[in-house]
Structure formats: structure tokens, C-alpha cells
Amino acid sequence: MMIEARNIVKRYGDLEVLRGVGLDIAQGEIVSIVGPSGAGKTTLLQIIGTLDKPQQGEVYYEGRNVLTLKDKELAHFRNRNIGFVFQFHQLLPEFTMLENVAIPALLGGDNRNDAFTRAQRLLERMHLSDRLTHKPSQLSGGECQRVAVARALINSPKVILADEPSGSLDSQNKQELHQLFFDLRKELGQTFIIVTHDEGLAAQADRTLHMRDGIIVDQTIRNSKP
């Protein structure tokens, strides 16, 4: 199993956001997580992505409990194994598209030339070869989100975690982004976990987990294998 979460409990003061959540994600699977606002979807995604820690529970990547790693080790693990795509692309406004995509590789200690070569290839893959020197303010929302996907892919992570990735896009750009995720899974074999309110995107996933009040209450299985 690629990812296993066991009995995840997360509290903020007296508010229990996650109440003993458990899940398994297979390698190459695309899983969507849906539910009303406040259900705990984003908090669960952040814990799976090691951006936050629970009060209780374990998160395993290929059998390794990553929550036992020290902060420096955990940051290195996250940099090399997990890519993130957020609702608002979170590109750094002062940097070009090429620089934004290359940053995770540079932070991971890669050679500058290698990092920028990979970044350029990814942007070409996203049909953005004419935007390499543009800054975020010069691009459309759809283009910025494709840049964010390229940034998530720069270190060839095994897992992509996406939090409302198409929430700020119009219908055409939504569909293009959704298709891109499935094309990437087919071509590169990545595992995707996608938190979304978009019923169309959720329905395309191999499996949809339904959350409410801090627990997974149901799941819809469409493909047992990716």
C-alpha cells in the first residue's frame, strides 16, 4: 500500500476536527475526498502531506511511519516524495514561471542547471513554453494552475496532494486541469489524493471518500485498480 493513515485524531483547542480517521491509498490510485465545509477534508490532507501533525495516529508511506521522523528528515521526505497543488496556485509573484517551478528542486539541493532544465521541460509539457519568463501577474488563472502542477511534479514525487485544485477556475480550465491529472497518472504513475467540491472531478476518481463531522462515513468505488 502506498499510503496508510491509522486512527488520525486532530484537535484545535476543544474542537475535534478529525475523530479517528483511517484510510488506505494504493499506488497509482486517484482518490477524491468530498464533504461539506468543516468536515475535516483539508486537515486530513495536510496531515497525510506531513504539513501538520495529529494528536493521535500514524501515517505510513510504503510501510514507513513518517510522523516519527525528525523535522529536518520530514522536510526532506516531503520535498522528495510529495507534490502539492492548492486552490490558489501560491506561486511567488516576484519570480518567473521557470523559477517558481524550479524552486522545490533547488531547495532539495539539486544542481541549478539540472533544476531549470527539468522545469523548462515540465512547462513545455504543460504547453507553457512561451511563458517561461513571465511572472504570475502576467498569466491567466488556468495558466498559473498549470504552472503549480509543474512545480508539484519537479521532484518526480510518488504522490500528488491537491486541495480544491480547480476551485478558482472557469469551466473550460477546470476540465483541462482535471484531464491533466488523469493524463499524468497514465504517463507517470503518480498517486493522487484530491480534496474537492467539484462533483465532476470527484466522479472521475477511482474512489471517492465521503467525509462528515471529522470521519469518513462512506466511499464510492469505481475502479478497484488504477
Side-chain angles (χ1 to χ4, degrees), residues 2-3 25 27-33 41-42 45-46 48-51 78-93 95-108 110 115-198 200-202 204-206 226:
M2 172 61 71
I3 300 171
I25 308 290
Q27 193 277 325
E29 190 176 17
I30 295 180
V31 175
S32 58
I33 303 177
K41 305 181 301 296
T42 293
L45 197 73
Q46 290 173 338
I48 292 172
T50 74
L51 294 172
R78 182 168 54 241
N79 177 265
R80 288 300 170 183
N81 291 280
I82 308 172
F84 296 92
V85 182
F86 303 98
Q87 177 175 356
F88 301 102
H89 48 76
Q90 296 191 0
L91 301 175
L92 298 175
F95 292 109
T96 67
M97 299 299 98
L98 191 64
E99 291 167 336
N100 265 284
V101 174
I103 284 172
L106 297 173
L107 290 174
D110 287 7
F116 275 84
T117 296
R118 295 206 312 278
Q120 181 172 341
R121 288 174 181 166
L122 282 168
L123 286 168
E124 290 169 352
R125 168 67 181 78
M126 303 294 163
H127 306 293
L128 292 168
S129 57
D130 59 342
R131 296 287 194 268
L132 302 182
T133 60
H134 288 63
K135 294 184 178 180
S137 61
Q138 298 173 291
L139 274 68
S140 69
E143 288 172 328
C144 283
Q145 202 63 317
R146 278 186 280 153
V147 174
V149 173
R151 179 184 58 190
L153 293 169
I154 187 69
N155 287 332
S156 301
K158 297 177 180 179
V159 178
I160 301 291
L161 304 182
D163 190 2
E164 298 289 358
S166 59
S168 61
L169 302 180
D170 60 33
S171 297
Q172 180 177 345
N173 280 307
K174 277 185 181 182
Q175 186 54 46
E176 290 177 356
L177 182 66
H178 296 175
Q179 187 58 50
L180 176 60
F181 288 159
F182 291 88
D183 290 345
L184 289 169
R185 190 267 294 273
K186 183 177 180 180
E187 296 171 20
L188 304 175
Q190 257 108 6
T191 302
F192 283 83
I193 306 176
I194 306 168
V195 165
T196 183
H197 281 102
D198 190 295
L201 175 55
Q204 294 177 61
D206 301 314

- Item | Side chain proximity check, Ile160 to Leu153, heavy atoms < 4.5 angstrom | yes
- Task: Can you see which heavy atom on Ser129 is nearest to which on Glu124, and at what distance?
- Result: CB-CG, 3.7 Å
- If you round to the nearest 0.5 Å, how far is CG of Asp206 from CD1 of Ile30? 5.5 Å
- Message: I'd like to know if the side chain of Gln204 reaches the main chain of Gly200, judged simply by a donor and an acceptor atom lying under 3.5 Å from each other, with no hydrogens or angles considered.
- Response: yes
- Here the pair of heavy atoms bringing Ile154 nearest to Ala105 is CG1-CB, 3.8 Å
- For the residue pair Leu201 and Lys174, establish whether any side-chain heavy-atom pair is separated by less than 4.5 Å. no
- Task: Among Ile193, Ile194, Thr42, find the residue that satisfies the side chain to side chain contact (heavy atoms under 4.5 Å, CB included) test when tested with Asp163.
- Result: Thr42
- dist Cys144:SG -> Leu91:CG (nearest 0.5 Å) comes out at 5.5 Å
- Item | Those residues that, when tested against Thr191, pass side-chain contact (heavy atoms from CB on, under 4.5 Å) (two or more places apart) | Met2, Ile25, Gln27, Val159
- Note on the structure: Scanning both residues in full, the closest heavy-atom pair of Leu92 with Pro136 reads O-CG, 3.7 Å
- Item | Polar side-chain atom of Asn100 near backbone of Thr96 as donor-acceptor pair, under 3.5 Å | yes
- Item | Exceeds 12 heavy-atom contacts within 6.0 angstrom, atom CD of Glu187 | yes
- Task: Go through the steps for Met97 and Leu123 under the test side-chain contact (heavy atoms from CB on, under 4.5 Å), then give the verdict.
- Result: CA-CA 8 Å; Met97 299 299 98; Leu123 286 168; 4.2 Å; yes
- Message: Working note: Leu161 + Val85, criterion side-chain contact (heavy atoms from CB on, under 4.5 Å); need CA distance, chi angles, decisive distance, verdict.
- Response: CA-CA 6 Å; Leu161 304 182; Val85 182; over 6 Å; no
- Message: For Pro104 versus Asn155, what's the shortest heavy-atom pair and its separation?
- Response: O-ND2, 3.4 Å
- Message: Strictly distance-based, threshold 3.5 Å: is any side-chain N or O of Arg80 a donor or acceptor partner for the main-chain N or O of Gly108?
- Response: yes
- Is the side chain of Gln138 donor-acceptor paired with the backbone N or O of Lys135 at a distance under 3.5 Å, no angle test? yes
- How long is the gap from CG on Leu98 to OG1 on Thr117, to the nearest 0.5 Å? 9.0 Å
- Message: Looking at Glu29 and Phe192, would you say the former's side chain and the latter's main chain have a donor-acceptor pair under 3.5 Å?
- Response: no
- Any Lys/Arg nitrogen of Lys41 or Glu164 sitting under 4.0 Å from an Asp/Glu carboxylate oxygen of the other? no
- Message: Testing the basics here: between Gln190 and Pro157, what is the closest heavy-atom pair and its distance to 0.1 Å?
- Response: NE2-O, 3.0 Å
- Expected output: side-chain Glu143 to main-chain Leu128 donor-acceptor under 3.5 Å: no
- Message: Counting C-beta onward and ignoring hydrogens, is there a side-chain heavy-atom pair between Phe116 and Leu106 closer than 4.5 Å?
- Response: yes
- Message: Show, in sequence, the C-alpha distance, side-chain angles and deciding distance for Glu99 and Arg151, and conclude whether the salt bridge (Lys or Arg N to Asp or Glu O under 4.0 Å) test is met.
- Response: CA-CA 9 Å; Glu99 291 167 336; Arg151 179 184 58 190; over 6 Å; no
- Query: Taking the side chain from Ser32 and the backbone from Ala202, do they hold a donor-acceptor pair closer than 3.5 Å?
  - Reply: yes
- Distance in Å, Glu176 CD paired with Asp183 CG, rounded so as to fall on 0.5 Å steps: 11.0 Å
- Query: Could you give the distance from CG (Leu180) to OG (Ser166), rounded to the nearest 0.5 Å?
  - Reply: 12.0 Å
- Message: One pair to check against side-chain contact (heavy atoms from CB on, under 4.5 Å): Arg78 and Leu51. What are the steps and the verdict?
- Response: CA-CA 9 Å; Arg78 182 168 54 241; Leu51 294 172; 3.7 Å; yes
- Close side-chain approach of Thr196 and Ile33, heavy atoms under 4.5 Å: no
- Distance col, row Arg146:CZ vs Ser140:OG, nearest 0.5 angstrom, shows 6.5 Å
- Would a distance-only check, ignoring hydrogens and angles, find a side-chain to backbone donor-acceptor pair under 3.5 Å from Gln145 to Phe86? yes
